[in-house]
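Below is one structure, written out as structure tokens, with a few remarks after it.
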Amino acid sequence: MLVCPKCGKDLYKNNNTFSCEDGHSFDISKEGYVNLLLPNKKNSLLPGDNKEMVMAREQFLNKDYYCQLKDAISKYINEHFKEDVALLDAGCGTGYYSIHIKEKYQYVMDILGVDISKFAVQKAAKKDKSAQFIVASTFDLPIKDKSFDIILNIFSPKANESFKRVLKDDGILIQVMPGGKHLLELKEILYKDSTYENEVEFEYSGFNLKDNFEVSYYIDVDKDDLMHLFTMTPYLYKTKIEDIKALDDIKNLKITIDFVIAIWGK
């Protein structure tokens, strides 16, 4: 399933390394993941989510505020697949979604999780030793063509060409994006704009829309979890310091959770 990021030839697992016939080898970490992101493919020394963001996401997701999303995806897969499958979790983070989906799936599910953040992949690899997690870019996947029945693309970039290449002809891509009112109350506090809503676009170059549905509900979060939520979102980098201070006075907040799930085929 994996190919060498240097020469493109098949990688084989042997004890604590992955190697190809040309002699390129990649060590498996003590956590169980392998780093296949070459230095010349990095856009920074430590690309992707940093330790702070990964820790915040882990603490927030462990409270299962997003359990309805992972349950909805699990339900869809169980209803539409009645055999063993291979799933690519593209932008897997700490493995919160794919590991749960695997546990709920009624047949055998082989998981490959990919993320550009080493810190996120470390967390994921510790949780499930039967899944394989790698550090790599979703735009340059070290994966054989047509390897997967399902690709998860949850709040992560659209790597259209890569996904189209590694997805089987009859496979599906499950995309999750923010619905119109997702985190609306948080944005009202940060940006003082009560009309601020997300725009949902059903467009994925190279794929055809097969189905879509929405998962919406409310959550009540305390001050600590509110900061975890804020820290794990892109708002962390685009919000002014003085606006972030507006969260200091919040002890508890009821927030709209609004996901749109789009199912794409080739």
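Nearest heavy-atom pair, Ile134 versus Leu36, reported as atom, atom and distance to 0.1 Å: CD1-CD1, 4.2 Å.
A search for salt bridge (charged side-chain N to carboxylate O under 4.0 Å, His left out) contacts involving Asp140 returns Lys41, not counting sequence neighbours. Residues meeting the side-chain hydrogen bond (donor to acceptor under 3.5 Å, both in side chains) test with Tyr237, sequence neighbours left out: Asn50. Not counting sequence neighbours, Lys51 has no partner by the side-chain hydrogen bond (donor to acceptor under 3.5 Å, both in side chains) test. By the side-chain hydrogen bond (donor to acceptor under 3.5 Å, both in side chains) test, Glu161 is found to be paired with no residue, residues two or more places apart in sequence or in another chain being considered. The salt bridge (charged side-chain N to carboxylate O under 4.0 Å, His left out) test applied to Glu83 returns no partner, not counting sequence neighbours. Checked against side-chain hydrogen bond (donor to acceptor under 3.5 Å, both in side chains), Ser25 has no partners two or more places apart in sequence or in another chain. Take Lys126 and apply the salt bridge (charged side-chain N to carboxylate O under 4.0 Å, His left out) test, not counting sequence neighbours, and it matches no residue. In this structure Asp243 satisfies the salt bridge (charged side-chain N to carboxylate O under 4.0 Å, His left out) test with no other residue, sequence neighbours excluded.
The other residues sharing a hydrophobic cluster with Val121 are Tyr33, Leu37, Ile99, Ile116, Phe133, Val135, where clustering joins ILVMFWY side chains under 4.5 Å apart. If you chain together ILVMFWY residues whose side-chain heavy atoms come under 4.5 Å of each other, Ile241 ends up in a group of its own. In the hydrophobic clustering, Val3 connects to no other residue, as no ILVMFWY side-chain heavy atoms lie under 4.5 Å from its own.
Sorted by first and then second residue, the pairs that involve residues 243-266 and meet ring pair (Phe, Tyr, Trp, His ring centres under 6.0 Å), not counting sequence neighbours, are Tyr66-Phe259, Phe155-Phe259, His182-Phe259, Tyr204-Trp264.
The cationic group of Lys254 lies under 6.0 Å from the six-membered ring centre of Tyr218 and within 45° of the ring axis, placing it in a cation-pi geometry.
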Could you go through the side chain to side chain donor-acceptor pair (under 3.5 Å) check for Ser216 and Asp258 one step at a time? CA-CA 4 Å; Ser216 298; Asp258 186 16; 2.6 Å; yes
